[in-house]
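Atoms within each ligand, like the ligands themselves, are counted from 1 in listed order.
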Amino acid sequence: MSVPGKRTVFVETWGCQMNELDSRRFVGLLTRDGYREAPDPEEADVILLNTCSVRDKAEQKVYDRLGRLGAIKRSRPSMVLGVCGCVAQQEGEAILRRAPYVDFVLGTGRIELLPSVLRRVREEGDRPVELSFDMDEVAYTPAAIDRLVRHKASVTVMEGCNKNCTFCVVPFTRGRERNRRLEDVVEEVRGILEGGAVEIELLGQTVNAYRDPGTGADFADLLKAIAPLPGLKRLRFVTSHPRDFSPGLIEAMASNPVVCPSLHLPFQSGSDRVLARMKRQYTRSEYLDLARRIRKALPGIALSTDVIVGFPGEGEDDFEETLSLLREVRFAQVFSFTYSPRPHTAAARWEHDVPPARSAARLARLTELQQEIQHELNRALVGSVLDVLVDGEDRKGERSSGRSPCNRVVNIEGPARFGEGTLVRVEVTEAFPNSLRGKALRVVGTSGTRLENPAHVPQIIEQGDVP
Ligand code: SAM
Ligand code: F3S
């Protein structure tokens with residue numbers, strides 16, 4: 001159903017939280033320009049494909065998808081089709097050549113240009129390709145972000161990455177590090193909290209490498225500036241690089257209880273030989289020492305990580321070291337990937353000498369081990385009491401589901417009766433490898449949105465055995 005006079009936009013998002021947030025920036029920027037969001041591509045005046053290129057066959061996937069969107073374009077030639085995100089950045093002009101029905105290509109550093117790019121397409125018949133990065137500052141209009149949920153929000157603190165890990169395409173697709181000013185980030189967070197949010201997640205490719213471009217304030221300073229803001233109950237950040245994890249940051253986390261007891265700290269490989277070839281800038285023992293120091297200052301913190309198997313030159317002994325690191329650290333969650341060569345990266349020029357079947361077998365062994373560890377860790381939580389911030393319903397729509405402070409998924413027994421943003425005190429009754437189940441003791445707070453069915457609340461509070 002279209003509203004007369006209002007153009008519509010549909011954004012399809014692939015990839016990470018940064019892409020998710022960028023998509024809300026696209027929608028917000030166009031809303032300011034008089035657009036409305038369309039529920040599906042079939043009826044949209046503008047379709048944006050916000051792409052991810054971090055792993056395997058990303059480019060091919062984009063062209064396959066474009067083929068299908070191209071059919072819509074043929075039936076409705078006035079529709080404008082744009083490719084954005086990391087594949088746009090990586091492929092540039094080539095996209096216009098291979099998919100002649102694409103109207104424009106917008107790189108990751110050029111998001112703010114979207115309204116003017118659309119005007120150039122419509123009014124001048126241009127096919128713009130905008131790929132550069134403005135190195136002076138991050139062009140950002142926080143007020144234009146069209147946020148979908150009110151109880152929690154992601155906030156970019158820096159973009160790009162200067163690390164150049166030999167496997168990773170991000171420095172090419174997201175450019176070099178650019179930081180926002182500390183006071184701008186604080187003001188954005190303050191505004192979001194005033195709108196009812198209680199949880200903030202700070203985003204950056206190497207978020208803990210943050211430096212205020214003017215004052216030189218570091219990430220610990222930023223945490224300390226955000227932690228006391230009124231209304232904030234949970235502060236998270238992602239992704240940290242082990243090399244940039246300063247003692248000051250550990251101290252800032254430990255002394256601000258609003259910082260959640262969970263931390264994503266990719267290690268990628270447990271073998272020094274592989275770490276050196278990956279150019280990760282730390283050794284196995286440095287990583288383990290950091291994990292120990294973090295746990296000493298923040299006992300009970302849930303660590304999560306990323307790991308790659310089948311990196312060029314990874315032998316069986318290297319892989320065993322990865323498994324032993326998993327046993328030693330006992331992560332609460334692991335995102336594991338088989339290596340895939342990415343364009344522009346150093347490792348892509350090396351012999352890809354671990355056959356796919358061997359990588360797949362290693363990944364399966366790693367997953368099996370990690371599932372056991374997670375199940376053990378989760379079982380140890382049975383009987384404990386956690387405050388769960390409800391995000392919605394579980395996959396089957398049967399129970400309310402949310403996250404604990406340690407970022408575990410907790411599904412709440414009984415019908416799905418708590419609205420998004422409700423903070424429910426839950427006693428853990430059952431543990432699975434990837435989630436917990438528990439019974440609601442009482443509602444300890446609401447935020448953002450109202451309870452879906454407030455009638456249930458008194459009943460739960462009566463049951464409550466937690467003061
Ligand atoms: N700093 C980034 C972040 O914010 O998560 C990490 C980059 S990437 C988006 C996330 C993970 O993908 C990496 O930590 C790594 O484990 C994995 N990854 C990156 N390049 C890869 C490749 N070429 N093959 C397989 N996995 C890869
Ligand atoms: Fe990629 Fe390494 Fe940066 S994994 S995002 S180059 S820290």
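Judged by a 6.0 Å distance limit and a 45° cone about the ring axis, Arg277 is positioned over the six-membered ring of Trp350. Arg342 forms no cation-pi arrangement with Phe167, by the criterion of a distance under 6.0 Å to the ring centre and an angle within 45° of the ring axis. Arg180 forms a cation-pi arrangement with Tyr140, by the criterion of a distance under 6.0 Å to the ring centre and an angle within 45° of the ring axis.
Side-chain contact of Ser271 with Asp318: a donor-acceptor pair under 3.5 Å is present, judged by distance alone. Judged purely by distance below 3.5 Å, without hydrogens or angles, the side chains of Asn407 and His264 never pair a donor atom with an acceptor atom. Looking at His375 and Asn434, their side chains never bring a donor and an acceptor atom within 3.5 Å of each other. Side-chain contact check for Ser401 and Asn411: at least one donor-acceptor pair (N or O, by modelled atom type) lies under 3.5 Å.
If you look at atom 3 (Fe) of ligand 2, the protein N, O or S atoms less than 2.8 Å from it are Cys161 SG.
Remark: ligand 2 atoms within the under-4.0 Å shell around heavy atoms of Arg280 are 2 (Fe), 4 (S), 7 (S). The ligand atoms of ligand 2 that sit less than 4.0 angstrom from a heavy atom of Phe167 are 4 (S).
A distance of 8.0 Å separates CZ of Arg284 from OG1 of Thr322, quoted to the nearest 0.5 Å.
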Would you please test Tyr282 and His241 for ring-ring contact (aromatic ring centres under 6.0 Å, His included) and show each step? CA-CA 10 Å; Tyr282 53 82; His241 193 285; 5.8 Å; yes
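Without hydrogens or angle criteria, Asp212 side chain to Leu182 main chain gives a donor-acceptor distance under 3.5 Å.
Protein residues having at least one heavy atom under 4.0 Å from any atom of ligand 1 are Met18, Val54, Arg55, Phe167, Gln205, Thr239, Gln268, Asp306, Ile308, Phe337, Thr338, Tyr339, Ser340, Arg342, listed by chain and number.
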